[in-house]
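What's counted below: heavy atoms across the whole structure, side chains too, no hydrogens, waters or symmetry copies.
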Amino acid sequence: MAFPLRKLELRPLGNTGLRLSCVGFGASPLGNVFGAVSENDAVASVREAFRLGINFFDTSPYYGGTLSEKMLERVTRSIDESLARLQLDYVDILQCHDIEFGSLDQIVNETIPALQKQKEAGKIRFIGITGLPLEIFTYVLDRVPPGAVDVILSYCHYSINDSTLEDLLPYLKSKGVGVISASPLAMGLLTDNGPPEWHPASPELKSACKAAAARCKEKGTNISKIAMQYSLSNKDISSVLVGMNSVKQVQENVTAASELALFGKDQEALTEVEAILKPVKNQTWPSGIHQS
């Protein structure tokens, strides 16, 4: 890296009192979701993220059939020992994952109340919900008591090709709900290597993103860096959660944040990318079950 990295900006998360690093570590790649990752690379990437000031890590047993959590286990074991010495026994945020794949009424009437009991028992500090369709958030938040949900995690809706989350931000702010935006690279669409074969985007969207990546390469820049800085620029988003599976990726993402803080966005490159993606802007894909 060409210059000393700035300390990552910490942003408040809604009304929780937590301050998250503006770059968050998405652990889905550690579950081999985007291809095989060695245990050594996985552990090294997590350690480097800690070293560079990332304080928000997101994982789930859903990622790779518990493999992601196992990869994090070696690093977190020492943290667990520290927590035991401090007599702490809780997680900061427990999130209901991809709630569009179940009944939203069950989330409202059963899941959130059950989590509130765990919160009262001191096992979790804050409750979150995650998913792709933006309407799931308003559906749940309009039906639970104020303050019952502390955080939402939205993915693939605040990136260069899709910024629809922006329209929801004033509503979420009015509810006192913290916002985490995941997948600034649109699950691999906004990368030089392109998305994995299983990616649900339309051929038209994939083709446009491929063309945008090629244009960035011609100009001597990297579309992932442009996309990361685009997402980081909105201060109403507490943390931009991006999947990482190597020390190199961790350093690149932290560098993108540092360069943004020092020099601002590469507006010329961003404008060109936005022009290429304009025909497919805000195009998404279905996710979950039909909600009656």
Side-chain angles (χ1 to χ4, degrees), residues 23-38 41-42 45 49 58 60 62-64 67-68 71 98 131-133 153-165 181-233 240-257 259-260 265-266 268-287:
V23 176
F25 188 107
S28 63
L30 304 191
N32 293 338
V33 173
F34 295 93
V37 180
S38 74
D41 284 345
S45 66
D58 175 82
S60 164
Y62 180 80
Y63 301 147
L67 180 59
S68 171
M71 291 298 191
D98 287 348
L132 179 69
L153 187 155
S154 167
Y155 70 97
C156 289
H157 285 308
Y158 200 87
S159 51
I160 303 175
N161 60 295
D162 184 337
S163 58
T164 47
L165 176 62
S181 179
S183 299
L185 311 185
M187 299 195 307
L189 286 173
L190 302 176
T191 64
D192 284 339
N193 292 332
E197 287 186 11
W198 52 259
H199 199 292
S202 70
E204 181 188 19
L205 178 55
K206 289 179 180 178
S207 177
C209 290
K210 184 176 181 180
R215 180 57 183 150
C216 286
K217 207 165 189 178
E218 287 174 10
K219 291 179 64 67
T221 188
N222 179 277
I223 193 167
S224 297
K225 175 180 164 184
I226 302 298
M228 189 69 186
Q229 292 182 337
Y230 175 90
S231 297
L232 284 167
S233 294
V240 175
L241 188 66
V242 59
M244 305 185 227
N245 62 17
S246 68
V247 168
K248 181 174 180 285
Q249 286 185 356
V250 173
Q251 292 174 343
E252 286 174 346
N253 288 317
V254 174
T255 298
E259 289 185 0
L260 177 66
K265 291 180 288 189
D266 183 342
E268 182 181 340
L270 176 59
T271 299
E272 285 200 43
V273 169
E274 288 179 320
I276 294 170
L277 297 180
K278 187 175 180 180
V280 294
K281 180 72 172 180
N282 295 336
Q283 187 182 114
T284 186
W285 48 85
S287 177

task: Check whether any side-chain heavy atom of C216 lies under 4.5 Å from a side-chain heavy atom of V273, and answer yes or no.
output: yes
query: So which heavy atom on D98 is nearest to which on Y155, and how close?
result: OD1-CE2, 3.8 Å
task: Return yes if a side-chain donor-acceptor contact under 3.5 Å exists between D162 and T164, otherwise no.
output: yes
- prompt: Between the side chains of N222 and D192, does any donor sit under 3.5 Å from an acceptor?
  reply: yes
- line: Sorted by chain and number, sequence neighbours left out, ring pair (Phe, Tyr, Trp, His ring centres under 6.0 Å) with H157 holds for none
statement: Closest non-hydrogen contact found for K265 with S233 is CD-OG, 3.3 Å
query: Are any of the side-chain heavy atoms of Q249 and S224 separated by less than 4.5 Å?
result: no
- prompt: Given side chains that start at C-beta, do those of L260 and M228 come closer than 4.5 Å, heavy atoms only?
  reply: no
- prompt: Just wondering, more than 12 heavy atoms not from K281 lying within 6.0 Å of its NZ?
  reply: yes
message: Within the 4.5 Å heavy-atom criterion, are V23 and L232 side-chain neighbours or not?
response: yes
query: Sequence neighbours excluded, which residues qualify as side chain to side chain contact (heavy atoms under 4.5 Å, CB included) partners of V280?
result: E204, L205, A208, L277, Q283
message: Measuring only between side-chain heavy atoms, which start at C-beta, is L189 closer than 4.5 Å to M187?
response: no
field: Residues K278 and E274 bridged, charged N to O under 4.0 Å
entry: no
- prompt: Can you tell me how far the CD1 atom of I223 sits from the CG atom of L190, to the nearest 0.5 Å?
  reply: 5.0 Å
task: Nearest 0.5 Å please: distance from the OG atom of S246 over to the CD atom of Q251.
output: 8.5 Å
query: How many angstroms lie between atom CD of Q229 and atom CD1 of I160, to the nearest 0.5 angstrom?
result: 9.5 Å
task: Indicate the atoms forming the closest heavy-atom contact of S163 with N282, along with that distance.
output: N-OD1, 3.0 Å
query: Which heavy atom of S287 sits nearest a heavy atom of L132, and at what distance?
result: CB-CD2, 3.5 Å
task: Determine which pairs satisfy side chain to side chain donor-acceptor pair (under 3.5 Å) with at least one residue from residues 206-215, sequence neighbours left out, and list them in order.
output: R215-E218, R215-E272
- prompt: Do side-chain atoms of E259 reach the backbone of T255 as a donor and acceptor pair under 3.5 angstrom?
  reply: no
